[in-house]
There are 2 protein chains.
Amino acid sequence: MAFLEFTRLDERSVIEYVKSVAALSSLLKLDDEDAATEKLTVKEIGDGNLNFVFLVSNSSHSVIMKQSLPYIRCIGESWPLTKDRAYFEAMALEEQGRITPHHVPQLYHFDPTMSLIAMRYLPPPHIILRKGLIAGIQYPLLARHIAHFMANTLFFTSLLFHSTLDHKRQVAKFCGNSALCRHTEQVVFSDPYQISQYNHWTSPYLDPDAEALRHDNLLKLEIAILKSKFSEQAQALIHGDLHTSSVMVTLESTQIIDPEFAFYGPMGYDIGAFLGNLMLAFFAQDGLVDQPDHRKAYKEWILETIEDTWNLFYKNFVALWDEHRNGAGEAYLPAVYNNPEVQLLAQKRYMTELFHDSLGFGAAKMIRRIVGVAHVEDFESITDAAKRASCERKALNLAKMLLKDRTKFEGISQIVSAIRQF
Amino acid sequence: MAFLEFTRLDERSVIEYVKSVAALSSLLKLDDEDAATEKLTVKEIGDGNLNFVFLVSNSSHSVIMKQSLPYIRCIGESWPLTKDRAYFEAMALEEQGRITPHHVPQLYHFDPTMSLIAMRYLPPPHIILRKGLIAGIQYPLLARHIAHFMANTLFFTSLLFHSTLDHKRQVAKFCGNSALCRHTEQVVFSDPYQISQYNHWTSPYLDPDAEALRHDNLLKLEIAILKSKFSEQAQALIHGDLHTSSVMVTLESTQIIDPEFAFYGPMGYDIGAFLGNLMLAFFAQDGLVDQPDHRKAYKEWILETIEDTWNLFYKNFVALWDEHRNGAGEAYLPAVYNNPEVQLLAQKRYMTELFHDSLGFGAAKMIRRIVGVAHVEDFESITDAAKRASCERKALNLAKMLLKDRTKFEGISQIVSAIRQF
């Protein structure tokens, strides 16, 4: 069987596909005489919103096969979405993998015709971080790893490292992912603030909260500014969807997956996505257990992780800046920023703006998960609707405050204090 | 003679070229039997910094032929610059001509191999606006025309009018003009603030002023922010070099030429370029005449033109926004910004940021014309160096103040008051 045109794979045809591609046959040792006769097993394991994901294994080796279809999986054919996203995911995996190979699964194969990516399987005990947060598991290396991933992928694709010529070449390449950018613009920056058929929330409890959003002029002004930044500012190659279900973890390993929304956008969108989703996890904790104090220590760990993530990101990012300040990066030429005082001022200003952007985007991501189309399992797994609504309302109110007042905060410890007050 | 590969044209070969292209032969009536025998005249009239420009005429028709060479004309082969800029100039002329045909010369022909553009000749009494400003000529329609050009070209290429898909497609196309963007980054945002072989100024008078720039940390911080905006913010298709030598005028006509620096950048860069160059013209006036009061009325006219340009731009831009608010533009969806109060707030905020950007970019353009590589005839034609330096210092000091304090200004009339104080 040849795959010369796009065909939706199923559990049977995916085996034919693997056999037809030398690189994959070789990975699964199908060219080995003993193994060739061995049965391959296939399991569809996609639980995301968008794609189909197959785990193909023999007794000793496994490969992940991810196929994009021309619509959004969790909605169906009524919400079309270009399957070209697989191309951008493959390019981003490659680029991020080159920059931080320890935190990105290896790309084995990409087939543009089939919109298909083959990549390294992350074996147990890897689980989706969100599920770990719901289960109350502490990940002592999480903040350090995520900070490393974000600082490196964002720094090395920004004008702090790139020449203008390299930067614009890369920006142009990822402009092609416009359909997914447009999708984000709609579901994050627009739908929660208007009546949309896709919006839903814990009704009737949050009915007045959802309505209030649609009448909050000051909030709309702030979201407009963030939407413009998202649409116009080609600051770095961002993951574009860096929530806690795009991270797989064990106690020792942190792997970033699913960069199909990647494009050159504002760095704060990635940082905010991660921090905002940790905040959602924080507010969900009281709903996930019978007694609020059952997760008291765990909530403290989440707050520490929020604080550590930003602080370590800051430290790593500025260290990279210092290390590469005589390189090709054209934003701050050493001959202009040639004294320690102006260097320090420039870095402080840059990082402060990035902090405020991160707070704003993080808040926007929290709001959309409570009143928009796609919710998070952290809240959804709270079966008692009243209890869920109470957790969600706290998160929503924090997010509204952060979105409006983000520029008043000077450091992450003030954010942690603010979270405690909701 | 065929032109199958790039050949630098001279006054003789340009005639061969015209004869070899049907569209141009036809324009010059070379296919008309009577005219075919008529002699064509050619004159090289390029007085810009970058290219060669030929005027090809018979007794009744004329065509402008502009060729880009792989270096900067005013420096020579030691400063290479991609001749692909002709492609971006042709694309921008086409796009701007489509949007505001009355203010852009018609594009007749583009030859990518020869890096050659043929366009409509703007006949006398059209002159370069800068020369008109030096001669003390008032142009009663200038502010209205420029405001129309800027409002329309910027609005119709922004996300206020574009869908995200159209916008990113266009952004990608113009990312290819990165060599010229990089050139601007160097000469506008970097060189004036560092020691550079190309910098020069009215020495020894401005030696301390030039040195002070290189040690002004707060100024460097502000220029860094503007440089990042210039390099990262794909807000609209900007002309990219909208100074007073990129405008040709008569008392009735205003034509915008030379958009070879065009790309998707911040709108304020165009607005600031024009306003900043008017300010340079203002400060040059006292040096251009024997007695300061000889140009008193003219200086008032320049100030009025500065004020009218911004005010009419504001009015036109917001009117376009109102008119097209139910269109494809995705920045401010009507269902979100669905009440007059939030609409008004959003427009006010947008225009205020644009105003501050314009002041900053305008100031940067002024500074670079006094201590950078390329100066302006307004000042250069003041033969008495002491007098010239005195005019330049006033412009420089205003620009430094505007760059640092731009966000403190609320309207253009405050800027006019500030100009009077220098």
What is the minimum heavy-atom distance between [X] and [Y], and which atoms define it?
X	Y	value
P192(A)	L213(A)	O-CD1, 3.8 Å
L403(B)	G360(B)	CD1-O, 3.6 Å
L159(B)	S231(A)	CD1-CB, 3.4 Å

Where does [X] contact chain B at under 4.5 Å (heavy atoms): side chain, backbone, both or neither?
X	answer
R349(A)	side chain
L333(A)	side chain
E185(A)	side chain
D191(A)	neither
F174(A)	neither
K220(A)	both
Y332(A)	side chain

Query raised in the report: Are Y269(A) and K365(A) close enough that a side-chain donor and a side-chain acceptor fall under 3.5 Å?
Result: yes
Using a 4.5 angstrom heavy-atom cutoff, name the option from [options] with the most pairs to chain A.
options	value
S158(B), S228(B), A224(B)	A224(B)
K229(B), Q233(B), E353(B), R214(B)	Q233(B)
E341(B), E232(B), Q235(B)	E232(B)

Query raised in the report: Which bit of N339(B) is near chain A, if near means a heavy-atom gap under 4.5 Å: side chain, backbone, both or neither?
Result: side chain
**Report entry** Structural part of F263(B) lying under 4.5 Å from a heavy atom of chain A
**Finding:** side chain
Requested in this report: Please state whether the rings of Y350(A) and W321(A) are parallel, tilted or perpendicular, taking 30° and 60° as the class boundaries.
Outcome: perpendicular
Query raised in the report: Which of parallel (below 30°), tilted (30 to 60°) and perpendicular (above 60°) describes F161(A) and F155(A)?
Result: tilted
Report task. May I ask you to say whether R325(A) pairs ionically with D322(A), meaning some side-chain N is under 4.0 Å from a carboxylate O? Result -> no
Query - salt_bridge(K173(B), E95(B)) N-O dist < 4.0 Å - result: no
Flag the one option from [options] with the top tally of heavy-atom pairs under 4.5 Å to chain B.
options	result
G176(A), S163(A), P266(A), S190(A)	S190(A)
H215(A), K227(A), Q186(A)	K227(A)
R169(A), H167(A), R182(A)	R182(A)

Query raised in the report: Hey, is CD on Q194(B) packed in by over 12 heavy atoms from elsewhere, all under 6.0 Å?
Result: yes
Report task. Evaluate the side-chain proximity of L180(B) to D241(B): yes if any heavy-atom separation is below 4.5 Å, no if none is. Result -> no
